[in-house]
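Okay, structure first, notes after.
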Amino acid sequence: MNIILRHSLGVALLFSGAVYAGQLVEISLRSNVQVRHSQVLLGDIADMRSADTTLLSQLREIPLGSLPRTGLAILNRSEIERWIRTRTGSQKPDMHWAGAERVEVVAQSQRINGSQLADAAHLALENWLSGRSERSEIELLSVPADFSVPMGMARIVVRDPGDAQPYSRMALWTDVYVDDLFVRSVPVRFRVRAYRTAYVARQDIGVGRAANETQFESRQVDIAPVNGAAIPTRSSSTEPETQWRVKKAVGRGDVLVKKQVDAAPMMQRGQIATLRAGAGDLTIEGVVEVLQDGYLGQLIRVKGAASTGVVMARVVGPGSLEMTER
């Protein structure tokens, strides 16, 4: 079965305005041709003779189509002749054919070394990890196989992993272009260690318990096994100490990850807090019992220590509330 060239649907007449009808041209097809470009011209596959050099120049530039991605095409003489008639219209010369009945067209190729892809992917991964860890170790698992691409300006583009987090095993996709045309994609696989200072539990902490930084030590650990989900430590001692409520048990020696805790509420049910209520210049302050957990700015239910009445108050700070409505 013949592998044909790809043609565009729009066909412009090559000899529009020229008078070449009846001009003799001898066209001898070659049986095997190698080309350095994807667009195949008549001059690539045939030797031609004519007394009219202008006619020869124009015939040689007739495009026959683009090579398929396989880089191989087989053309029959009848196909080539029919295509030339389409391109020349009523001004077609008198063509005498010789040579092969069909032509095998092969694109000249160049080798892309798998090590080139590995080096490009390694550099890209190293840069990507630098924004997500304090240091990293990258091990190439296997060098991609070498492969051939058409001749031209080859370019390797490594896809950015984006907003993903470090994993113990990562694959970066490399895309190969030749003369800005996409050729193929190849994955490059690595083993990754990404180190960052994180919280490591000093003891077991059960579900529902309150937790704070005193129950953890801060040390540099590999965060790749937990897919980068380790909770980062405070960057400055001036930042307020973090408080959590455990929603998934934490074992001694575990790296604390985001799915194990929620931020602890500023007010907790059963806590005694100070309530301030004001009207004009008059401010009343009293002690109340907190009836539900609450975060900063949230309205929660409270009741006076010596009262059964429930009021709504807004959390304005640790142990501090303001009454906004009854």
Side-chain angles (χ1 to χ4, degrees), residues 1-113 144-157 174-186:
M1 182 175 67
N2 292 342
I3 304 172
I4 63 172
L5 298 174
R6 300 192 299 268
H7 301 300
S8 61
L9 293 177
V11 177
L13 293 182
L14 179 67
F15 298 145
S16 178
V19 182
Y20 291 126
Q23 290 275 17
L24 177 63
V25 58
E26 295 180 3
I27 303 175
S28 179
L29 293 180
R30 305 168 192 156
S31 57
N32 293 281
V33 175
Q34 283 193 335
V35 295
R36 295 178 58 88
H37 39 261
S38 61
Q39 181 67 242
V40 181
L41 307 177
L42 181 58
D44 293 325
I45 66 169
D47 296 314
M48 290 173 283
R49 291 191 300 172
S50 174
D52 192 319
T53 56
T54 303
L55 170 61
L56 282 178
S57 295
Q58 295 201 28
L59 285 172
R60 290 189 182 106
E61 295 300 316
I62 292 180
L64 299 178
S66 298
L67 283 171
R69 189 165 293 178
T70 59
L72 170 68
I74 299 174
L75 297 176
N76 290 324
R77 180 190 293 181
S78 59
E79 295 170 339
I80 300 168
E81 186 174 4
R82 184 167 58 252
W83 182 243
I84 293 174
R85 287 199 192 100
T86 304
R87 298 288 294 187
T88 56
S90 62
Q91 300 301 322
K92 62 180 178 293
D94 184 8
M95 295 178 287
H96 289 192
W97 293 87
E101 287 294 327
R102 69 177 198 167
V103 184
E104 183 177 294
V105 186
V106 179
Q108 289 186 5
S109 63
Q110 57 183 323
R111 296 289 285 176
I112 299 294
N113 295 325
D146 299 347
F147 57 93
S148 297
V149 298
M151 294 295 292
M153 182 64 71
R155 180 167 57 95
I156 298 169
V157 177
T174 57
D175 297 326
V176 180
Y177 294 81
V178 176
D179 295 333
D180 292 328
L181 296 176
F182 172 75
V183 178
R184 67 182 296 179
S185 295
V186 179

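Here the structure is a predicted model, which is why all the values come from computation and not from measurement.
Between atom CD of residue E26 and atom CZ of residue R49 there is a gap of 4.5 Å, rounded to the nearest 0.5 Å. Atom-to-atom distance recorded for E104:CD and I45:CD1 is 12.5 Å, nearest 0.5 angstrom. In this structure, S78 OG and W97 CH2 are separated by 9.5 Å, a value rounded to the nearest 0.5 Å. Atom CG in L42 sits 7.5 Å away from atom CG in L29 (nearest 0.5 Å). Distance check, rounded to the nearest 0.5 Å: CZ of R102 to OG of S31 gives 10.0 Å.
Within the 4.5 Å cutoff, the side chain of L24 has heavy atoms near those of the H96 side chain.
R111 meets the side chain to side chain contact (heavy atoms under 4.5 Å, CB included) test with D146, S148; sequence neighbours excluded.
Taking 4.0 Å as the cut-off between side-chain N and carboxylate O, E81 and R77 do not count as a salt-bridged pair.
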Checklist entry - Should V103 and I74 be marked as a side chain to side chain contact (heavy atoms under 4.5 Å, CB included) after you check the CA-CA gap, both sets of side-chain angles, and the distance that decides it? => result CA-CA 6 Å; V103 184; I74 299 174; over 6 Å; no
Checklist entry - Where do I80 and R82 land on the side chain to side chain contact (heavy atoms under 4.5 Å, CB included) test, with the steps shown first? => result CA-CA 5 Å; I80 300 168; R82 184 167 58 252; over 6 Å; no
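Side-chain atoms of Q110 come within 3.5 Å of backbone atoms of G152 as a donor-acceptor pair (strictly under, hydrogens ignored). Listed for the N76 side chain is no donor-acceptor partner under 3.5 Å among the backbone atoms of E79. A donor-acceptor pair under 3.5 Å is absent between the side-chain atoms of S50 and the main chain of L56, judged by distance alone. Formation of a donor-acceptor pair under 3.5 Å by the R30 side chain with backbone atoms of D44 is found in this model. No donor-acceptor distance shorter than 3.5 angstrom exists from the side chain of E61 to the backbone of L41, with no hydrogens or angles considered.
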Under 3.5 Å, which donor-acceptor pairs link side chains of residues 174-181 to any protein atom two or more places apart or in another chain?
from: T174; atom 1: OG1; to: V186; atom 2: O; distance (Å): 2.7
from: D175; atom 1: OD1; to: R159; atom 2: NE; distance (Å): 3.3
from: D175; atom 1: OD1; to: R159; atom 2: NH2; distance (Å): 3.0
from: D175; atom 1: OD1; to: S185; atom 2: OG; distance (Å): 2.5
from: D175; atom 1: OD2; to: R159; atom 2: NE; distance (Å): 3.0
from: D179; atom 1: OD1; to: M153; atom 2: N; distance (Å): 2.8
from: D180; atom 1: OD1; to: R155; atom 2: NH2; distance (Å): 3.2

